[in-house]
Amino acid sequence: MVDNPYLAHLKPSQRGAPVAASSTNSDREPLFGFLPRKVKGEQVRKAMDHQLNPFNKQPHSAQYRKILETRKGLPVFSQMDEFLEIFSKNQIIVMVGETGSGKTTQIPQFVAYSDLPHTKGKLVACTQPRRVAAMSVAQRVADEMDVQLGKHVGYSIRFEDMTEPGTTFLKYMTDGMLLREAMNDTELLRYSTIILDEAHERTLATDILMGLLKNLARRRLDLKIIVMSATLDAVKFQSYFSLHQPGEEPSPAPLFKVPGRTFPVEVFYTQEPEPDYVEAAIRTVLMIHRAEDPGDVLLFLTGEEEIEDACRKIKLEADDLINNDPSSVGPLMCVPLYSSLPPQQQQRIFEAAPKPTQEGYPPGRKVVVSTNVAETSLTIDGIVYVVDPGFSKQKVYNPRIRVESLLVSPISRASAQQRAGRAGRTRPGKCFRLYTEKDFISELEEQTHPEILRSNLANAVLELAKLGIKDLVRFDYLDAPAPETLMRALELLNYLAALDDEGELTPLGGLMAEFPLDPQASKSLAKMLITSPEFKVSNDILTITAMLSVPNVWLRPPNQRAAADQAKALLTVPEGDHLTLLNVFNNYSQNKSDRNWAWNNFLSARALAQAENVRAQLLRTMERSEIELISVEDERKRNLGIQKALICGFFMQVAHKEGEKGSYLTVKDNQVVGLHPSCGLDAQPEWVLFNEFVLTKRPYIRTVTEIRPDWLLEFAPVYFDLSSFPDGETKRALQRIYNKKRGLPENGNGQNPPKLKKQKQKKDTS
DNA sequence: TGTGGGGTG
């Protein structure tokens, strides 16, 4: 009994109290007699039915009792005893719960009742791949536990920490957030149990966390880990997390399985492949609206633009239908859903379908047009029809040319099944697949490729290095990335001086890992911090970095393109897009009192607010590192300083003009690229630095700034060491610059070989 | 001549 810390606050006489006394104790104390991690289902159910809430000692509300009754109907609830027993006996559990099992809301609560984290000052964490999911599930569970969100139950996502230290013991969080935390506390000591939810989604962060936790479990025997997944790749997780007892064969991690509770969903396929899936999707939604019984519709499309466009068209067509025959067609409400939508508008998906236009007329219908966020993570009540064109945007990475891009690609069969399942949450439903059954069987991959196999791993490798994991090639991945991808990542980090030649994390690399940005961007920032006294532009680079890390700020409504372009021209700085971004942000800051400023200038107020947020976040990191914020008054000097500072971070993303048709060749890779049409440069400079390479109709470089080639030799001498430079026009151009530079008096006697290992003194060449 | 699925002290 005494080893139960929960009882430590009780008087000794109460601890071993006789039966009669203990019944009065349990009247006031719902968790009386609970032994951490040895709790039985019967005890939990009793505590749940208790008149007092064990966590805040308040009487349970009527709403609590109502929700509890529905919870008791969830499949996972009837297996509580089984779960608690497996939880008591094992350190690592793999759990499979199909859609509708209630795993995401119930398992963390069961764990809380058994683990009693609040009695030992610890937390139970449950990770989610998406922010919306972390927020909405936390709210739901707070309601279920009859506590205020942000108190005993909270969530933690970037920019928003809804937890109260010392009070919160159940925390939903994004997987990326837990990975960030692990960088500062590799032992994750705050947590007594970590639950990785939606593991089947195989996000980059979840995959790395699985590797870390597998390792950590050996060091921290008190840490319990639950890996939850919706589909049946459980065997893979089980063998990955298998137990190795000395002298025994490895035994797979125990499996806890809960059936789903869904209604049957009838699946329809098209007879022929659809040439235009957006058009076909709109047609199908309207067909449902005209001909099918009441019930809401969920349509999956691939991105913001496509979704907004489809919503407009559906609304227009539906209005036509209603105007033509109001007595046979009900009103239709069309709601978009994607992650970059403001949270308030995201909430609209939960609004009820519209009422009939007049009594006796057909009921209204809600149509949610969504990206993959609605595929798992988010449950929308009332969905009866799913329209699945079979596509989503997926990251693809080409390590040869080091380019990561988003490509509209066919989804996997597992994904298609998830989507269909969304139609059967509340009653039997229908799923319309806009592809043929033959394609479903023979063309779709069984599972979505794990993200770790489709990404540029530079960031992940840097994070792992910060976590103290040195042998990245032999890190225990569930699916090991291609060696070339790892090599490219290591090579990039070495060029950026984040890793030294032995692969050890440098102090600069450590600083870079602190910033929640891509290595390129964090490098430019970190390097700028170190060289800021020289360029005196840390304040400006900070702003530019923030602007580069948020979505596009320029709005260009289809019917006001000319006006938008005009507004943009007024803010454009001819030397380069980076300076333009700085100018936009500064103007935005100066016009904070004018609430319509962003709108009047065709700028996204939300993206600018986000940039402000990121800037503040980065500023805090700078302050922690005690680095000064500097800016120079003189605009010409400042712009030059910024251009030079940019080179320190982006020297690998430089292109040289080639011929007269406006095409450029990227340095070393020799890719032929064009300036993106959004580029604001007034001429076509010989040498440019770019933020990103995009592959759309043609290969483009986007966010481009003019530079001087001698700065490349000056600020990135190792990368631009001509003796190791591939032959070509770029090298010849650089050689000319070098020869010219060698003739200059400040560069010595002209006897140096073309190898600029170290610059003694960097002088302002302006 | 025209873009971002999801995530990050």
Side-chain angles (χ1 to χ4, degrees), chain A residues 127-134 156-161 173-185 198 201-209 300-307 337-341 370-378 391-396 404-409 411 415 448 451 454-455 459-460 462-463 466 511-519 521-522 525 549-556 558 561 564-565 568 604 607 613-625 662 674-679 691-698 700 702-703:
Chain A
T127 67
Q128 297 292 320
R130 293 177 229 300
R131 303 151 53 97
V132 268
S156 179
I157 61 177
R158 189 184 186 190
F159 301 132
E160 207 182 339
D161 184 11
M173 64 203 301
T174 46
D175 49 10
M177 202 71 197
L178 185 62
L179 193 56
R180 277 274 144 191
E181 280 188 14
M183 283 178 14
N184 293 319
D185 172 18
E198 315 290 3
E201 285 208 29
R202 304 294 305 279
T203 65
L204 188 51
T206 295
D207 265 27
I208 292 174
L209 280 169
F300 287 101
L301 289 179
T302 64
E304 174 174 344
E305 199 183 331
E306 207 174 82
I307 287 170
L337 176 65
Y338 44 87
S339 183
S340 58
L341 205 64
S370 172
T371 61
N372 258 1
V373 277
E375 189 175 298
T376 51
S377 310
L378 220 87
F391 293 96
S392 71
K393 276 191 185 167
Q394 284 166 36
K395 201 150 50 181
V396 279
E404 205 180 57
S405 46
L406 282 172
L407 215 64
V408 173
S409 325
I411 58 171
S415 221
T448 312
E451 201 177 31
R454 302 184 271 118
S455 303
N459 219 350
L462 183 62
E463 280 166 1
K466 175 86 178 177
L511 189 59
M512 283 166 63
E514 292 279 319
F515 296 106
L517 300 168
D518 282 343
S522 57
L525 191 68
S549 68
V550 301
N552 184 16
V553 296
W554 308 102
L555 300 178
R556 204 164 180 256
R561 288 199 176 145
D565 291 346
K568 187 177 175 187
S604 159
N613 220 336
V614 173
R615 193 181 188 281
Q617 192 178 47
L618 296 174
L619 181 62
R620 283 195 292 277
T621 307
M622 283 178 70
E623 282 165 353
R624 266 207 309 279
S625 320
L675 295 180
H676 193 272
S678 66
C679 175
N691 181 56
E692 62 185 338
F693 173 103
V694 286
L695 192 65
T696 50
K697 286 190 178 146
R698 281 174 45 200
Y700 286 113
R702 192 160 56 192
T703 314

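So you know, we letter chains A, B, ... as the sequences are listed, proteins then strands, and number each from 1.
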Problem - Shortest non-hydrogen separation from T371(A) to F300(A) and the atoms involved - result: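 Nearest pair, atom of T371(A) first, then F300(A): O-CD2, 3.7 Å.
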
Exercise for the section: Heavy atoms only: give me the nearest I411(A)-Q394(A) pair and the separation to one decimal. Expected result: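 Smallest interatomic distance, heavy atoms only, reads CA-NE2, 4.2 Å.
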
So [X], base contact, sugar-phosphate only, or nothing? Heavy-atom distance under 4.0 Å.
{"X": "I157(A)", "value": "sugar-phosphate"}
{"X": "V373(A)", "value": "sugar-phosphate"}
{"X": "E305(A)", "value": "nothing"}
{"X": "E514(A)", "value": "sugar-phosphate"}
{"X": "R158(A)", "value": "base"}
{"X": "S678(A)", "value": "base"}

In whole angstrom, give the distance that lies between atom [atom1] of [X] and atom [atom2] of [N].
{"X": "F391(A)", "N": "dG6(B)", "atom1": "CZ", "atom2": "C1'", "value": "20 Å"}
{"X": "Y700(A)", "N": "dT1(B)", "atom1": "OH", "atom2": "P", "value": "7 Å"}
{"X": "I307(A)", "N": "dG6(B)", "atom1": "CD1", "atom2": "P", "value": "8 Å"}
{"X": "Q394(A)", "N": "dG6(B)", "atom1": "CD", "atom2": "P", "value": "13 Å"}
{"X": "N691(A)", "N": "dG4(B)", "atom1": "CG", "atom2": "C1'", "value": "13 Å"}
{"X": "E160(A)", "N": "dG7(B)", "atom1": "CD", "atom2": "P", "value": "13 Å"}
{"X": "H676(A)", "N": "dG4(B)", "atom1": "NE2", "atom2": "P", "value": "9 Å"}
{"X": "R615(A)", "N": "dT8(B)", "atom1": "CZ", "atom2": "P", "value": "21 Å"}

Practice task
Tell me, please, which residues at least two apart from R698(A) pass side chain to side chain donor-acceptor pair (under 3.5 Å).
Solution key: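 With sequence neighbours excluded, R698(A) shows a side chain to side chain donor-acceptor pair (under 3.5 Å) to no residue whatsoever.
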
[N] OP1/OP2 closer than 4.0 Å to side-chain N/O of [X]:
{"X": "T174(A)", "N": "dG6(B)", "value": "no"}
{"X": "T203(A)", "N": "dG7(B)", "value": "no"}
{"X": "S339(A)", "N": "dG4(B)", "value": "no"}

Nearest to the side chain of [X], heavy atoms from C-beta on, is which of [options]?
{"X": "R702(A)", "options": "dG4(B), dG6(B), dT8(B)", "answer": "dG4(B)"}
{"X": "R556(A)", "options": "dG2(B), dG9(B), dT3(B)", "answer": "dG2(B)"}
{"X": "M177(A)", "options": "dT3(B), dG9(B), dG4(B)", "answer": "dG9(B)"}
{"X": "D565(A)", "options": "dG7(B), dT3(B), dG2(B)", "answer": "dG2(B)"}

Practice task
Determine if the base of dG4(B) is syn or anti; take syn to mean the glycosidic torsion is within 90° of 0.
Solution key: syn

Handout entry: Contacts of type ring-ring contact (aromatic ring centres under 6.0 Å, His included), residue Y700(A), not counting sequence neighbours
Key =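 Residues passing ring-ring contact (aromatic ring centres under 6.0 Å, His included) with Y700(A): H676(A).
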
Practice task
Answer yes or no: side-chain N or O of R131(A) and base N or O of dG6(B) forming a donor-acceptor pair under 3.5 Å.
Solution key: no

Practice task
Using the P atom on both, measure dG2(B) against dG6(B) and round to a whole Å.
Solution key: 24 Å

Problem - S415(A) side chain to E375(A) side chain, donor-acceptor N/O pair below 3.5 angstrom - result: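 Yes.
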
Fill in the blank from the handout: Note: for Y338(A) and Q617(A) on DNA chain B, the residue whose nearest nucleotide lies more 5' is Y338(A)

Exercise for the section: Output the distance between atom CD1 (I208(A)) and atom CD (E463(A)), rounded to the nearest 0.5 Å. Expected result: 6.0 Å

